[in-house]
Amino acid sequence: MKLDFLGNLRRTHTCGELRAANDGQQVILMGWVNRRRDLGSLIFVDLRDRTGFTQVVFNAEQNKSLHAKASDLRSEFVVAVKGAVKKRDGNTINKNVPTGEIEVVASELLLLNESKTPPFSPSDDANSTVSNEETRLKYRYIDLRRPQMQANIELRHKVALAIRNDLSQRGFFEIETPFMTRSTPEGARDYLVPSRVHPGQFYALPQSPQLFKQILMISGFDKYFQIVRCFRDEDLRADRQPEFTQIDLEMTFPQQDRVFEVVEGFLTAAFKAAGHELKTPFPRMTYDEAIAQYGSDKPDLRLPAMTDVREAFTPDQLATLQINPSLPVVCVRTPKVGELSRKERDDLKTLVAAKAGIKTIDDLKRLEKSFPDTVSKVREKCGAQADDFLLLVVGAADANIKPAALSSAAGSWRLALAQKFADKHKAFERTGKVDTDYRWLWVTDFPMFEYDDESKRWVAAHHPFTSPHEKDLIAGRLESDPGAVRALAYDAVLNGIEMASGSIRIHQQEIQRQIFKAMGIEREEAQQRFGFFLDALEYGTPPHGGIAMGLDRLVMVLAGGESLREVIPFPKTAQAKDLMVDAPTPVSDEQLQQLGISLKRK
RNA sequence: GGGGACGUAGUUCAGUUGGUUAGAACGCUGCCCUGUCACGGCAGAGGCCGCGGGUUCGAGUCCCGUCGUCCCCGCCA
């Protein structure tokens with residue numbers, strides 16, 4: 001087929017903007033053939049670009065050769081059309097599309113490019129028969145033409161732009177930090193980049209610009225931010241990609257509240273860009289409260305909290321039911337589930353993996369026969385409505401577990417039940433109201449350390465540069481009871497998703513030394529791993545702190561998506577592969593040789 | 001590293017107890033059609049049933065292995 005060149009031809013309008021008011025105008029549109037409806041001597045073509053589509057008409061009676069050219073058009077051909085906007089007659093108006101009041105009567109057609117028949121059509125969107133993800137990812141360039149994906153990527157742009165503008169107005173500088181940097185093994189695995197100039201040595205891609213941004217504070221930049229790619233070589237999830245984008249920021253002389261103000265500020269701007277008005281300040285909750293009430297450090301507030309109903313039981317009843325009286329009796333309430341059959345209750349048993357020392361009671365009706373007063377107290381305590389499903393998560397009589405472990409198990413049940421019965425309680429459905437659809441929360445006062453059973457040592461819960469609470473730095477506690485030391489660390493949580501994580505940092509060398517010591521990191525080891533940073537700390541480091549928010553996750557929630565892949569143009573699969581470019585791949589022996597790398601054969 | 005679901009036409013899927021020539025819809029190709037907009041009508045093409053092995057007279061169907069995609073646990077300071 002003979003193709004035309006673009007020449008000097010220029011669009012007068014996009015495919016989504018013509019209206020009845022444009023009636024009679026000569027226009028030039030360019031785009032893709034979304035659909036073709038060939039009625040013989042009358043051909044309709046929906047011409048699509050990212051703004052929408054416009055119906056173009058070719059009439060054999062008016063122009064035979066033009067009509068003949070149009071009859072060769074197929075899906076996804078790229079064309080330019082010259083023509084006149086014509087207001088449609090009453091019964092031919094299409095009320096379902098914004099441009100439905102008009103059509104363009106073509107007088108000239110340029111065939112700019114043809115297209116193979118795509119494996120799936122971007123216009124399939126309307127039929128909701130979207131291809132499986134494997135096909136979508138392989139042909140990502142076609143997938144991205146779908147209106148939904150175009151909208152998601154546009155939303156991402158608008159959100160990022162609003163955040164940039166907001167932070168800039170607050171006096172933050174966007175400053176770039178290196179992608180090729182130093183491996184600081186602690187936390188996630190690094191992606192490594194071999195050095196050709198220094199055979200046997202490696203750069204690492206940053207898991208976050210953490211130390212660089214702290215050094216920027218030491219350098220006096222006062223307020224820094226960056227919308228920046230970060231890399232972690234860990235297994236993927238629907239909400240985890242090996243490379244992801246963070247809104248990273250840091251400021252000098254802040255209290256935790258100053259950081260919260262900044263975040264709530266840029267989120268207000270971001271939500272506004274997405275068409276939502278956000279209510280600030282966000283509610284707050286300590287880590288301990290979150291664990292006790294929600295069994296999670298990232299509570300989803302769209303569903304009720306858990307309740308400790310131990311007081312509803314008498315000591316005799318606890319003994320009879322073989323419930324450990326020293327542990328909470330946690331009631332998990334899932335609204336509007338209604339009556340469950342014996343079989344449905346049995347099916348629940350596999351919902352959460354069994355844990356030693358923890359049991360559940362799912363049949364309150366039966367319990368009520370033996371202990372009517374107790375059950376009515378339980379219902380009252382957790383504010384149950386008649387059709388709410390109540391599950392008791394309790395410690396077995398001989399259980400040797402901590403209350404937090406029980407709460408955390410109950411939290412798993414709370415989430416699993418919430419997901420299973422989402423159709424019934426409808427708490428996850430969009431209502432159009434920002435304060436019910438988007439439940440933000442600050443979780444504060446995380447513990448400074450967590451005990452790692454594998455390495456048998458205390459490790460930083462956030463990272464080792466996080467400042468402990470001043471009050472918890474009483475003599476000897478770092479050594480005697482590290483688990484009781486709280487950190488000035490905080491998370492922003494949205495609908496049960498961890499969106500941001502930050503802290504006030506350590507700015508005093510002496511405290512930093514104590515923290516490393518508590519973690520069993522010797523001075524030499526610390527010097528070897530973070531020496532450059534510890535050196536920097538000694539040259540007039542101001543108090544500083546900040547936070548990093550996941551842009552992908554933020555846009556995912558705003559787009560109503562279930563997976564980061566819906567808001568990342570070129571994402572990776574669960575096996576960390578890019579199906580479009582087919583990466584990773586082996587490299588040539590020559591490349592390896594230059595890098596001084598030899599591969600171990602399996 | 002572990003658990004689960006899935007893999008059949010270009011796409012989305014059906015395929016009964018193992019039994020003739022593996023089906024449907026959409027898409028595609030050709031012909032017809034002047035008001036369609038998920039256009040319509042007629043005709044047609046299109047299959048390594050993911051791959052390898054096994055059981056069987058006979059396997060899309062059963063078994064073992066393997067590869068791929070998705071979800072979850074571990075992991076993710």
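Because only heavy atoms are used, hydrogens play no part in the values below, and waters and symmetry mates are left out as well, while side chains stay in. Numbered from 1 within each chain, the chains take letters A, B, ... in sequence-line order.
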Return the polar atom pairs (N/O with N/O) between nucleotides 66-68 of chain B and the protein under 3.5 Å, or none.
| residue | atom | partner | partner atom | Å |
| --- | --- | --- | --- | --- |
| B/G68 | O2' | A/E134 | OE2 | 2.6 |

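- The C1' atoms of B/U16 and B/G23 are separated by 14 Å, rounded to the nearest whole Å.
- A/F446 is linked by a ring pair (Phe, Tyr, Trp, His ring centres under 6.0 Å) to A/Y287, counting only residues two or more places apart in sequence or in another chain.
- A search for ring pair (Phe, Tyr, Trp, His ring centres under 6.0 Å) contacts involving A/F428 returns A/H425, not counting sequence neighbours.
- Partners of A/Y490 under the ring pair (Phe, Tyr, Trp, His ring centres under 6.0 Å) rule, at least two apart in sequence or in another chain, are A/F260.
- Proximity of residues 481-493 of chain A to RNA chain B (heavy atom under 4.0 angstrom from any strand atom) is not detected for any residue.
- For RNA chain B, none of the residues of residues 408-417 of chain A falls under the heavy-atom distance limit of 4.0 Å.
- Partners of A/Q256 under the side chain to side chain donor-acceptor pair (under 3.5 Å) rule, at least two apart in sequence or in another chain, do not exist in this structure.
- Sorted by first then second residue, the salt bridge (charged side-chain N to carboxylate O under 4.0 Å, His left out) pairs that include residues 63-75 of chain A, not counting sequence neighbours, are A/D4-A/K69.
- Every side chain to side chain contact (heavy atoms under 4.5 Å, CB included) that A/R37 has, sequence neighbours left out, goes to A/R35, A/L39, A/F44, A/D46, A/Q55.
- Between A/R237 and B/C73 there is a side-chain polar atom (N or O) within less than 4.0 angstrom of OP1 or OP2.
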What donor-acceptor contacts under 3.5 angstrom involve side-chain atoms of residues 228-237 of chain A, with partners at least two apart or in another chain?
| residue | atom | partner | partner atom | Å |
| --- | --- | --- | --- | --- |
| A/R229 | NE | A/T245 | OG1 | 3.4 |
| A/R229 | NH1 | A/E243 | OE1 | 2.8 |
| A/R232 | NE | A/Q207 | O | 3.4 |
| A/R232 | NH2 | A/Q207 | O | 3.2 |
| A/E234 | OE1 | A/R189 | NH2 | 3.0 |
| A/E234 | OE2 | A/R189 | N | 2.9 |

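- Checked against ring pair (Phe, Tyr, Trp, His ring centres under 6.0 Å), A/H13 has no partners two or more places apart in sequence or in another chain.
- Taking the side chain to side chain contact (heavy atoms under 4.5 Å, CB included) definition, one finds that A/Q575 meets it with A/T573, A/K577, sequence neighbours left out.
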